[in-house]
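Worksheet for the structure shown next.
Counting starts at 1 for both ligands and their atoms, in listed order. This one's a predicted model, so the numbers in the text were calculated from it and none came from an experiment.
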Amino acid sequence: MPPLLEVHNCRQAYHKDSSADLVVLDDVELTLQEGEIVGLLGRSGSGKSTLLRIVAGLLQPTSGEVLWRGQPLHGPAAGVAMVFQSFALFPWLTVEENVELGLEALGIGGKERADRAEAAIDLIGLGGFESAYPKELSGGMRQRVGLARALVVQPELLLMDEPFSALDVLTAETLRTDLIDLWSEKKLPIKSILMVTHNIEEAVLMCDRILVFSSNPGRVASEIQVNFPHPRDRHDPAFRQMVDDIYALMTRRTPTPPAAIASPAAAAGFATPLHPVNTNLLAGLLETIVAAPYAGKADLPALADDLQMELDELFPLGEVLHLLQFAVLEEGDIRLLDTGRAFVDADTDTRKHQFAAALRAHVPLIAAIRRTLDERWNHRAPALRFRDELEDHMSPDYADETLRAVISWGRYAELFSYDEESDQFSLDDIDATA
Ligand code: ADP
Ligand code: MG
């Protein structure tokens, strides 16, 4: 029997007129066997969704081979269904109508369609809500509809793209364990699950095998077998150890790969997507790490536990501190640098100056915006121009997020102002001598 799915030597590049092509995936190898849940774990922007779309047959890779049961895949495979982070339900259709949609596409009608939808809805724990509309449901219930809609077509392979990341912590956990229970009891009409996540604990909780993705370009950097029986216990020392080890793996410092410095703009750091993390949280995190018991260095999973944060929320904060060189992320730890300590000791005004200096030194986009404003006679510049430049290196979504990060940090540091209505940066109300 050939494997359910194979991806060989897969490459995905986006062509850019104004610069070198953006290589999102390079040399990706992936094999899925029947009976396993496989996790694709990687930072945002590493190409996980892109790979999932390739596997689903929704996107033809630039080069490489995708085999479904040993046969080349051209277009969407009948045996594959996908669940999205955003649920993707039709608001004007009831639960049952949303679930039936998949069957309609297969030409299944009448009583069979209704019976199968009913069964999928019951299986996933939504019995009684058949005639409700999505807006009447909680986020967790909406995602159950998303799952029912995927399962009703009885796919062999279920693809899930960060299916729990839009849910609150408790709801997400209930849905994870419900799904794993159904899987363990062999109640799901599927042979294999491939799930994308950037949440390490989620991967260790659910998967038999975890593929850790590297960024720029995305490729499978390591593979981890998870042999703990279900139900798994997050507090089990072996579970904790595995989470720690994967953290270490993901925060290992890697030399800049050649692809990332192929274009001058990438070399200038324009190609790095940024997350708009809150500056108060950044300051709070620095203060926590300086104080006892950490005294300047903390194990990230332990710190997340202590702060009652998901690792997932903490990691982006750590990444920004690393980027600004207030701290370094290494081998699963975060360690404060002198600039980080100085920040903690400073008063509010001094902190703004220090933050501004770090932004100008380490975020080329912010330096470029400020330089442009300084040079222009009216000290104004449309944000569109920077958005365009970003979109040469990342998808519109990521460009948007990056710009939001830049706007909120630049405002806090009083490096520039931004006006939503005119979509303009300016030096209005900014002390330009600072
Ligand atoms: P992930 O799911 O791991 O967050 P994605 O697969 O969504 O990553 O994106 C990987 C990279 O590819 C990102 O840098 C993104 O900006 C870029 N990208 C995705 N789609 C496009 C597109 N249509 N055009 C240009 N760049 C894209
Ligand atoms: Mg994604």
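Every atom of ligand 1 with a heavy atom of Leu22 under 4.0 Å away is listed here by number and element: 26 (N). Ligand 1 places these atoms under 4.0 Å from at least one heavy atom of Arg43: 3 (O).
Between the Thr339 side chain and the Gln325 main chain, a donor and an acceptor come within less than 3.5 Å of each other. Between the Arg234 side chain and the Glu201 main chain, no donor and acceptor come within less than 3.5 Å of each other. Without hydrogens or angle criteria, Arg11 side chain to Thr62 main chain gives no donor-acceptor distance under 3.5 Å. In this structure, the side chain of His379 does not engage the main chain of Ser426 through any donor-acceptor pair within 3.5 Å. Glu29 contributes a side-chain N or O that, together with a main-chain N or O of Asn9, makes up a donor-acceptor pair within less than 3.5 Å. Judged by distance alone, with hydrogens and angles left aside, the side-chain atoms of Tyr398 form a donor-acceptor pair with the main-chain N or O of Gly45 at under 3.5 Å.
At a heavy-atom distance under 4.0 Å, no atom of Asp397 approaches ligand 1. Using a 4.0 Å cut-off between heavy atoms, Glu391 makes no contact with ligand 1 at all.
The closest approach between any non-hydrogen atom of Ser46 and ligand 1 is below 4.0 Å. Residue contact annotation: His198 has no non-hydrogen atom under 4.0 Å from ligand 1.
Protein heavy atom at the shortest distance from atom 4 (O) of ligand 1 is Tyr398 OH, 2.2 Å. Here the protein heavy atom with the shortest distance to atom 12 (O) of ligand 1 is Val24 CG2, 3.1 Å. Atom 23 (N) of ligand 1 has as its closest protein heavy atom Tyr14 CE2, 3.5 Å. Here the protein heavy atom with the shortest distance to atom 6 (O) of ligand 1 is Thr50 OG1, 2.5 Å. Protein heavy atom in closest approach to atom 14 (O) of ligand 1: Gly45 O, 3.9 Å. Among protein heavy atoms, atom 8 (O) of ligand 1 sits closest to Gly47 N, 3.1 Å. For atom 16 (O) of ligand 1, the closest non-hydrogen atom of the protein is Ser395 N, 2.4 Å.
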Practice task
Just do the salt bridge (charged side-chain N to carboxylate O under 4.0 Å, His left out) check on Glu34 and Arg69 with the steps written out, would you?
Solution key: CA-CA 10 Å; Glu34 286 192 12; Arg69 294 202 173 281; 3.0 Å; yes
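Residues Cys10 and Pro61 share a closest heavy-atom pair of SG-CB, 3.6 Å.
Among Ser49, Ser215, Gly42, the residue whose heavy atom sits closest to atom 2 (O) of ligand 1 is Ser49.
Judged by distance alone, the side chains of Gln12 and Thr50 never bring a donor and an acceptor atom under 3.5 Å apart.
Using a 30° and 60° split on the angle between ring planes, Phe425 and Tyr418 fall in the tilted class, from 30° to 60°.
Within the coordination shell of the Mg ion (ligand 2), defined by N, O or S atoms under 2.8 Å, Gln85 is absent.
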